[in-house]
K.L.:
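After the structure tokens below, expect a handful of questions from me.
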Amino acid sequence: MRRVIAHVDMDAFYVSAELERRPELRGLPVVVAGTGPRAVVTTASYEARQFGVFSATPASRARRLCPQAIFLPPDFDHYRARSREVMAVLHDHVEHVQVVGLDEAYLDLTPFERPKPAARRIKHAVRERTGLTCSIGIGPNKLVAKVASDADKPDGFTVLSREMACERFAGASPGLIPGIGPKTVVRLELEGITTLGALAATSDERLAELFGSRLGPHLRRLACFEDERPLELDRRAKSESRETTFDADIEGVAALEPILDRLAGELCATLVKQNSRGRTIGIKVRLDDFSTHTRARTRPEPTNDVDVVRAVATELLRAFDPQRPVRLLGVRVAGLDEEFEARRQLELSV
DNA sequence: TCTGGGGTCCTAGGACCC
DNA sequence: TCTGGGGTCCTAGGACCC
């Protein structure tokens with residue numbers, strides 16, 4: 001089935017949402033970042049990016065790189081509200097929309113006789129109704145659309161066929177592809193594969209030896225911009241978690257338990273509000289050496305009872321008994337969609 | 001320069017069952 | 001005396017994404 005997919009990517013979304021409330025900051029380097037000593041940058045304005053400040057840059061480093069930048073604490077309630085406005089515009093124009101996070105969405109433009117003008121109209125409508133700009137990429141699948149939307153930011157509009165994408169990015173690093181991360185880039189480099197063109201030209205047999213029978217050939221297909229994934233229109237969360245990184249490491253289970261209680265309380269309050277329950281309760285512990293450890297236990301029946309979640313999480317923490325200072329503690333409930341999935345399977349079977 | 005918070009998916013190994 | 005093969009569930013770790 002020949003498809004036309006668009007990827008809509010809001011430009012520096014959190015910063016743009018802040019600038020609407022603080023227009024006097026337009027044109028300045030603005031950084032949305034947490035305030036603690038271990039905070040990282042959530043979003044940087046394009047002015048700040050010129051100083052080498054990007055998402056995930058430690059805030060301390062960002063301050064050094066760009067001391068004149070305006071630092072704003074994140075206000076996710078505001079970003080969520082603005083995101084709903086943006087997504088409403090998209091839904092007004094297109095039947096099939098896959099929302100990805102607060103600032104991205106895939107659109108199925110296949111039904112449009114003239115998809116490009118339709119996408120132009122959507123781009124203008126987003127700006128009219130929200131005051132925010134986005135970049136749009138159009139292609140035959142999600143991968144091409146996504147890479148195209150990134151190719152001409154901000155306020156971009158890029159249309160690519162699969163062949164054009166292959167040609168245009170043949171000399172680019174494999175890390176350009178979403179799904180090929182830093183670890184894989186290094187492993188490819190060690191094999192002398194430094195470009196997408198080289199990856200596309202590597203045999204499945206060789207890649208399977210290096211990366212396994214599934215991931216190996218998958219990497220080559222990505223490099224060829226082959227992607228048959230459908231849009232996922234009604235995704236349900238499978239897990240929900242709360243975690244916190246301490247300003248200074250904490251030692252000993254006794255000092256950690258009150259924090260675990262608080263996290264479990266916040267998590268269960270959300271689950272109860274959503275009326276969702278899960279069977280698997282887990283903890284996450286990051287030590288001072290940045291090693292991350294998880295422990296989990298699955299129960300016969302799903303729960304969102306704070307007493308149950310607290311009790312299980314505490315047991316798991318006591319059993320793990322970290323022997324080094326702890327920098328992060330988290331609680332998680334998973335298997336949230338099992339009841340929903342079971343019902344869906346049942347409906348399919350009748 | 002040390003590295004957030006909230007997620008998803010994959011893999012590998014062990015338990016257990018038929 | 002030596003040791004099947006498949007399937008499912010569960011745990012832990014890791015890569016990756018926004």
Side-chain angles (χ1 to χ4, degrees), chain A residues 7-10 12-14 31-43 52-66 73-74 76 79-80 83 98-106 142-143 146-147 149-150 174-188 211-216 218-219 222 229 232 235-249 263 266-267 270 278-300 312 316 319-320 327-338:
Chain A
H7 182 252
V8 179
D9 198 340
M10 301 304 295
F13 182 58
Y14 299 167
V31 173
V32 174
T35 50
R38 287 169 167 173
V40 299
V41 171
T42 305
T43 310
V53 177
F54 302 96
S55 295
T57 303
S60 57
R61 177 170 155 78
R63 279 176 215 284
R64 249 178 289 117
L65 287 169
C66 189
F76 283 99
Y79 310 146
R80 270 189 286 270
S83 175
Q98 178 185 350
V99 176
V100 183
L102 293 183
D103 68 336
E104 287 185 24
Y106 291 96
K142 296 208 293 191
L143 176 57
K146 166 96 178 156
V147 171
S149 74
D150 221 39
L176 179 83
I177 300 284
I180 302 184
K183 304 278 181 181
T184 306
V185 168
V186 168
R187 286 180 64 191
L188 286 168
F211 293 97
S213 61
R214 282 170 60 92
L215 179 58
H218 178 63
L219 292 175
L222 290 177
R229 290 171 302 162
E232 299 184 55
R235 288 189 62 119
R236 294 287 209 281
K238 299 184 170 178
S239 70
E240 182 129 359
S241 61
R242 290 294 176 273
E243 66 183 51
T244 185
T245 293
F246 310 127
D247 288 351
D249 296 343
L263 292 169
E266 291 172 11
L267 176 57
T270 304
R279 288 172 57 223
T280 302
I281 297 163
I283 63 165
K284 172 172 164 181
V285 181
R286 177 126 70 210
L287 305 178
D288 63 339
D289 62 0
F290 219 72
S291 62
T292 304
H293 306 267
T294 59
R295 293 293 182 271
R297 183 180 308 157
T298 299
R299 296 161 27 91
V312 174
L316 292 169
F320 178 63
R327 68 175 283 140
L328 173 150
L329 186 62
V331 188
R332 186 171 102 106
V333 173
L336 300 180
D337 61 337
E338 283 180 358

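Note on naming: letters A, B, ... go to the chains in the order of the sequence lines (proteins, then strands), and numbering restarts at 1 for each one. Just so you know, these numbers use all the heavy atoms, side chains as well, and skip hydrogens, waters and symmetry mates.
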K.L.:
Return the stacking result for dT3(B) and F290(A): yes when the ring centres lie under 5.5 Å apart and the planes under 30°, no otherwise.
P.N.:
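Yes.
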K.L.:
Base, sugar-phosphate alone, or nothing: which one does S60(A) contact when heavy atoms must sit under 4.0 Å apart?
P.N.:
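If one applies the 4.0 Å heavy-atom cut-off, S60(A) turns out to touch nothing in the nucleic acid.
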K.L.:
So do the side chains of F246(A) and L329(A) get within less than 4.5 Å of each other, counting heavy atoms only?
P.N.:
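F246(A) vs L329(A): side chains touch.
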K.L.:
Scan P74(A) against the nucleic acid and name what it touches under 4.0 Å (heavy atoms): base, sugar-phosphate only, or nothing.
P.N.:
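It contacts nothing in the nucleic acid.
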K.L.:
Run the salt-bridge test on E240(A) and R332(A) with the 4.0 Å N-O cut-off and return the result as yes or no.
P.N.:
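So E240(A) does not pair with R332(A) through a salt bridge.
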K.L.:
Quote, to the nearest angstrom, the C1' distance that separates dC16(C) from dG4(B).
P.N.:
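Those two atoms are separated by 16 Å.
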K.L.:
What integer distance in Å separates F76(A):CZ from dG7(B):P?
P.N.:
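Rounded to whole Å, this separation is 12 Å.
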K.L.:
Which listed nucleotide (dG6(B), dC18(C), dC10(C)) is nearest to the side chain of T298(A)?
P.N.:
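Among dG6(B), dC18(C), dC10(C), the one nearest the side chain of T298(A) is dC10(C).
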K.L.:
Grab the CD-P distance between E232(A) and dT8(B) for me, whole Å please.
P.N.:
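Between P of dT8(B) and CD of E232(A): 11 Å.
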K.L.:
Could you check how far NE2 of H218(A) sits from P of dC10(B), rounded to whole Å?
P.N.:
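Atom-to-atom, H218(A) to dC10(B), this comes out as 9 Å.
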K.L.:
Closer than 4.0 Å, any side-chain N/O of R327(A) to the OP1 or OP2 of dT3(B)?
P.N.:
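Result: yes.
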K.L.:
Classify K146(A) by what it touches in the nucleic acid, base, sugar-phosphate, or nothing, heavy-atom distance under 4.0 Å.
P.N.:
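Contact class for K146(A): sugar-phosphate only.
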K.L.:
Without swapping roles, check the side chain of T280(A) against the backbone of R297(A) for a donor-acceptor pair under 3.5 Å.
P.N.:
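No: the side chain of T280(A) does not pair with the backbone of R297(A).
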K.L.:
Give the rounded distance in Å between these two atoms: CG of D288(A) and C1' of dC2(B).
P.N.:
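After rounding, the reported distance stands at 13 Å.
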K.L.:
Between dG4(B) atom C1' and R38(A) atom CZ, what is the distance in whole Å?
P.N.:
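Distance check: R38(A) CZ to dG4(B) C1' gives 11 Å.
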K.L.:
Is it true that the side chains of T298(A) and R279(A) contain a donor and an acceptor less than 3.5 Å apart?
P.N.:
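R279(A) and T298(A) do not have a side-chain donor-acceptor pair below 3.5 Å.
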K.L.:
Heavy atoms from C-beta onward define the side chain here; which of dG13(C), dG7(B), dG5(B) lies closest to that of H293(A)?
P.N.:
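From the listed options, dG13(C) comes nearest.
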K.L.:
Report the distance from atom CG of D289(A) to atom P of dG13(C), rounded to the nearest whole Å.
P.N.:
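From D289(A) CG to dG13(C) P: 12 Å.
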K.L.:
Base, sugar-phosphate, or nothing: which does L336(A) touch, judged by heavy atoms less than 4.0 Å apart?
P.N.:
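No contact.
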K.L.:
Establish, with yes or no, whether the OP1 or OP2 oxygen of dC9(B) is under 4.0 angstrom from a side-chain nitrogen or oxygen of R214(A).
P.N.:
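So the side-chain polar atoms of R214(A) never come under 4.0 Å of the phosphate oxygens OP1 or OP2 of dC9(B).
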K.L.:
When we call it a touch if two heavy atoms are under 4.0 Å apart, what does I180(A) touch: a base, just sugar-phosphate, or nothing?
P.N.:
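I180(A): backbone/sugar contact only, no base atoms under 4.0 Å.
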K.L.:
Within the structure shown, what part of the strands sits under 4.0 Å from G181(A) by heavy-atom distance: base, sugar-phosphate, or nothing?
P.N.:
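Touches sugar-phosphate only.
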K.L.:
Output the single nucleotide from dT8(B), dT3(B), dC18(C) whose closest atom is nearest the side chain of K238(A).
P.N.:
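From the listed options, dT8(B) comes nearest.
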K.L.:
Using a heavy-atom cut-off of under 4.0 Å over every strand shown, decide if T244(A) touches base, sugar-phosphate, or nothing.
P.N.:
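Sugar-phosphate contact only - T244(A) comes under 4.0 Å of backbone atoms but never of a base.
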K.L.:
Specify the residue among S239(A) and R64(A) whose closest nucleotide of DNA chain B lies further upstream toward the 5′ end.
P.N.:
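By nearest-heavy-atom nucleotide position, the 5'-most residue is R64(A).
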K.L.:
I want to check one thing: is the phosphate of dG4(B), taken as OP1 and OP2, less than 4.0 Å away from some side-chain N or O of R286(A)?
P.N.:
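For dG4(B), OP1/OP2 do have a side-chain N/O of R286(A) under 4.0 Å.
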K.L.:
Below 4.0 angstrom from OP1 or OP2 of dG13(C), is there any side-chain N or O of R295(A)?
P.N.:
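Affirmative; the distance criterion is met.
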K.L.:
Side chain of T294(A): nearest nucleotide among dC17(C), dT8(B), dG13(C)?
P.N.:
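The listed nucleotide nearest to T294(A)'s side chain is dG13(C).
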K.L.:
For the residue pair R242(A) / T270(A), report whether a side-chain donor-acceptor contact shorter than 3.5 Å exists.
P.N.:
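Judged by distance alone, the side chains do pair up.
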K.L.:
Return the 5'-most residue of the pair S55(A), L215(A) with respect to DNA chain B, ranking by each residue's nearest nucleotide.
P.N.:
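With S55(A) and L215(A) compared, the 5'-side residue is S55(A).
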K.L.:
Counting only heavy atoms from other residues, nucleotides and ligands, does the tally under 6.0 Å from CZ of R214(A) exceed 12?
P.N.:
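No.
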K.L.:
In the structure shown, which nucleotide is the Watson-Crick or G-U wobble counterpart of dC18(C), with both distances under 3.5 Å?
P.N.:
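Pairing partner: dG5(B).
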K.L.:
State which of dC17(C), dA15(C), dC10(B) makes the closest approach to the side chain of T184(A).
P.N.:
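So the side chain of T184(A) is nearest to dA15(C).
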K.L.:
What's the closest nucleotide to the R61(A) side chain, out of dC10(B), dT1(B), dG6(B)?
P.N.:
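Of the options given, the side chain of R61(A) lies nearest dT1(B).
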K.L.:
Where the side chain of A237(A) is defined as all heavy atoms beyond and including C-beta, which of dT8(B), dG4(B), dC10(B) is the nearest nucleotide?
P.N.:
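Of dT8(B), dG4(B), dC10(B), dT8(B) is nearest to the side chain of A237(A).
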K.L.:
When we call it a touch if two heavy atoms are under 4.0 Å apart, what does R63(A) touch: a base, just sugar-phosphate, or nothing?
P.N.:
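Touches nothing.
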K.L.:
Do L287(A) and R327(A) come close enough that some side-chain heavy atom pair is under 4.5 Å?
P.N.:
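L287(A) does not reach R327(A) side chain to side chain.
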K.L.:
Base, sugar-phosphate, or nothing for R299(A), non-hydrogen atoms under 4.0 angstrom?
P.N.:
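Here R299(A) touches no strand at all.
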K.L.:
For R297(A) and dA12(C), give me the distance from atom CZ to atom P, rounded to whole Å.
P.N.:
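Whole-Å distance recorded here is 10 Å.
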K.L.:
Kindly point out which of dG7(B), dT3(B), dG4(B) is positioned nearest to the side chain of P58(A)?
P.N.:
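Closest nucleotide to the P58(A) side chain: dT3(B).
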K.L.:
Tell me the interatomic distance from R229(A), atom CZ, to dC9(B), atom C1', rounded to whole angstroms.
P.N.:
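Result: 12 Å.
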K.L.:
Contact class for R187(A) vs. all strands (heavy atom < 4.0 Å): base, sugar-phosphate, or nothing?
P.N.:
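Result for R187(A) = nothing.
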K.L.:
If the C1' atom of dC17(C) is compared with that of dT1(B), how far apart are they to the nearest Å?
P.N.:
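Between the two C1' atoms, the distance is 23 Å.
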K.L.:
Consider the side chain of L328(A), meaning its heavy atoms from C-beta on, and name the nucleotide among dG5(B), dT8(B), dG7(B) that approaches it most closely.
P.N.:
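My answer, after comparing the listed nucleotides, is dG5(B).
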K.L.:
Let's see if you can work this out: which of dG7(B), dG4(B), dA15(C) has an atom nearest to the side-chain heavy atoms of K183(A)?
P.N.:
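The listed nucleotide nearest to K183(A)'s side chain is dA15(C).
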K.L.:
Mind checking whether Y14(A) and Y79(A) have parallel, tilted or perpendicular rings, split at 30° and 60°?
P.N.:
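Ring orientation, 0 to 90° scale: parallel.
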